[in-house]
Amino acid sequence: MHAPKRIAVTGAAGQIGYALLFRIASGDLLGPDQPVILHLLDLPRALGALNGIRMELDDCAFPLLQQVVITDDPLTAFRDIDLAILVGAQPRSKGMERKDLLAANANIFAEQGRALNAVARRDVKVLVVGNPANTNALIAMTAAPDLAPSCFSAMIRLDQNRAQAMLAQHLHQPVDRVSQLVVWGNHSPTMYPDYRHAEVDGRPAPLAVGDESWNQEVFIPTVAQRGTAVIEARGLSSAASAANAALDHMRDWVCGSAGRWVSMALPSDGSYGIATGIFFGVPVVCHGGQIERVAGLDINAFAREKLQRAEDELRQERAAVEHLLH
Ligand code: NAD
Ligand code: LMR
């Protein structure tokens, strides 16, 4: 058995938290040989609920779960942690766009970035899930100048999983026959799910699909609006699928993606002509705990327009929180 890993989950008393914690504790994130200590952070008013969650975690008798810390103090939550999944934030309701949450949620990520900077392990891996995730990640990273930018990422994996499932269903193939699918940009309606380089059951996806109008008129808008469709159907934003995507993202980062391309929103390094100073969804492969961008993909005129729209939106989001970036 290895030494335990400390994993912080913020907003742990919320609906994503409830779908996430039991899976982490059962080994779904770091595997069957890796003990874990959970650090659960939420607001003071949610400490009673967190206590109930701790009781339920105890009652599962998970062999890998060594300890559960519950707290409303980010410095306690982030002390010596290996991984952080930052979920705690207000979700949107019907009629809102994710960027409408910026004002409500931005300060949370500034405070938590400072706390990570002060007490987390220097090689901590941080995933931001709370919306608007890309720009919240930028705020957290900026508030943590002593941590490398490579410690930070935002979640676009739910969009990749949605796109993968939709493409597989359209082509009547099992979902695991789809590979090398990319989602570029922002976790927002400007995202660009891109199957130009994907394979489905060994065939190039564009050939398997055939009809380009399906891509532009059905696939891209349906993937981009899926979060809204779930809110309209459930009356609440996605939770189990979001938790699942967070596990996928973190598992690939820590344990490797075995050569598969996966999409992560990372601090832009200027590649693909995307401006720096924003978090942008890009294709990556992971190995040895490191993330490596997939380089050299062709960006045609349609793709360039999509990337530009996402970049423009992210720059606008950045401008709205500029006061938190100094
Ligand atoms: P929820 O309202 O059920 O839970 C949020 C929890 O965060 C609550 O328990 C709340 O008390 C807590 N919280 C609020 N402020 C906090 C703070 N400062 N510190 C610690 N905890 C705090 O919401 P949810 O459905 O779990 O969604 C959480 C966030 O995740 C929302 O912003 C939602 O939009 C986002 N989300 C993102 C994706 C994605 O793909 N990136 C997918 C789904 C949901
Ligand atoms: C999602 O994509 O389901 C989440 O980001 C929730 C939302 O607001 O759409």
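Just so you know, ligand 1 is whichever comes first in the structure, and atom 1 is the first atom listed for that ligand. Residues take their numbers from the sequence shown, with the count starting at 1.
For ligand 2 and H187, the ligand atoms under 4.0 Å from any heavy atom of the residue are 1 (C), 2 (O), 4 (C), 5 (O). Taking a cut-off of under 4.0 Å to the non-hydrogen atoms of A242, the atoms of ligand 1 that pass are 42 (C), 43 (C). Listed by number with element, the atoms of ligand 2 under 4.0 angstrom from any heavy atom of S237 are 6 (C). Close approach of ligand 2 to R92 (heavy-atom distance below 4.0 Å) involves ligand atoms 7 (C), 8 (O), 9 (O). Within the listing of ligand 1, atoms 39 (C), 40 (O), 41 (N) sit less than 4.0 angstrom from a heavy atom of M155. In the vicinity of A13, heavy-atom distances shorter than 4.0 Å reach the ligand 1 atoms 9 (O). Annotation for ligand 1: atoms under 4.0 Å from non-hydrogen atoms of Q90 are 31 (C), 32 (O). Each of the following atoms of ligand 1 lies closer than 4.0 Å to a heavy atom of V87: 28 (C), 29 (C), 30 (O).
Atom 23 (O) of ligand 1 has its closest protein heavy atom at P91 CG, 3.5 Å. The protein heavy-atom contact nearest to atom 40 (O) of ligand 1 is H187 NE2, 3.1 Å. The protein atom (non-hydrogen) at minimum distance from atom 10 (C) of ligand 1 is D42 OD1, 3.3 Å. With hydrogens left out, the protein atom closest to atom 1 (C) of ligand 2 is R162 NH2, 3.4 Å, a heavy atom. Of all protein heavy atoms, the one closest to atom 27 (O) of ligand 1 is I16 CD1, 3.5 Å. For atom 3 (O) of ligand 1, the nearest protein heavy atom (residue, atom name, distance) is Q15 N, 2.9 Å. Shortest contact from atom 4 (O) of ligand 1 to any protein heavy atom: G14 CA, 3.2 Å. Of all protein heavy atoms, the one lying nearest to atom 41 (N) of ligand 1 is V129 O, 3.1 Å. Ranking the protein heavy atoms by distance from atom 2 (O) of ligand 2 puts R98 NH2, 2.7 Å first. In this structure, the protein non-hydrogen atom closest to atom 6 (C) of ligand 1 is G11 CA, 3.6 Å.
Residues satisfying the side chain to side chain contact (heavy atoms under 4.5 Å, CB included) criterion with A115, sequence neighbours excluded, are P74, L75, F78.
Checked by atom type, the side-chain pair Q308/D312 shows a donor-acceptor distance below 3.5 Å. With hydrogens and angles left out, the side-chain atoms of N215 and E212 include a donor and acceptor closer than 3.5 Å. Counted by atom type alone, R54 and N51 present one or more donor-acceptor pairs between their side chains at under 3.5 Å. For the residue pair Y272 and E311, no side-chain donor N or O sits within less than 3.5 Å of a side-chain acceptor on the partner.
At a threshold of 4.5 Å between side-chain heavy atoms, the hydrophobic network of Ile, Leu, Val, Met, Phe, Trp and Tyr places V285 and L181 in one connected group.
If you run side-chain contact (heavy atoms from CB on, under 4.5 Å) between I81 and each of H39, K125, R121, only H39 comes through. Partner of V321 under the side-chain contact (heavy atoms from CB on, under 4.5 Å) criterion, chosen from N136, T142, I139: I139.
Proximity of H187 to V129: side-chain heavy atoms (C-beta onward) are nowhere separated by under 4.5 Å. Contact check for V262 versus H249: no side-chain heavy atoms found under the 4.5 Å cut-off. Within the 4.5 Å cutoff, the side chain of L307 has heavy atoms near those of the F280 side chain.
Residues C60 and F22 share a closest heavy-atom pair of SG-CD2, 3.8 Å. The shortest heavy-atom contact between A168 and V175 is CB-CA, 3.6 Å.
Scanning N131, I108, N107 for the heavy atom closest to atom 18 (N) of ligand 1 points to I108. Nearest-residue assignment for atom 5 (C) of ligand 1 (options G88, P44, A89; heavy-atom criterion): A89.
Residue contacts with ligand 2 include I231, since one of its heavy atoms falls under 4.0 Å from the ligand. Within the structure, ligand 1 lacks E111 among the residues with a heavy atom less than 4.0 angstrom away. Taking 4.0 Å as the cut-off, A239 does not count as a neighbour of ligand 1 on heavy-atom distance.
Only the side chain of L158 comes within 4.0 Å of ligand 1, counting heavy atoms alone; its backbone N, CA, C and O stay farther away. Of all the heavy atoms of D159, none lies under 4.0 Å from any atom of ligand 2, so neither backbone nor side chain is involved. Here S237 has side-chain heavy atoms under 4.0 Å from ligand 1, and that is the only part of it that gets that close.
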Legend entry - Candidate pair R162 and T222, rule side-chain hydrogen bond (donor to acceptor under 3.5 Å, both in side chains), full reasoning: CA-CA 9 Å; R162 287 167 170 164; T222 307; over 6 Å; no
Inset, instruction - Kindly determine whether R23 and N244 satisfy side-chain hydrogen bond (donor to acceptor under 3.5 Å, both in side chains), including the steps that lead there. - result: CA-CA 9 Å; R23 293 190 60 192; N244 181 65; 2.9 Å; yes
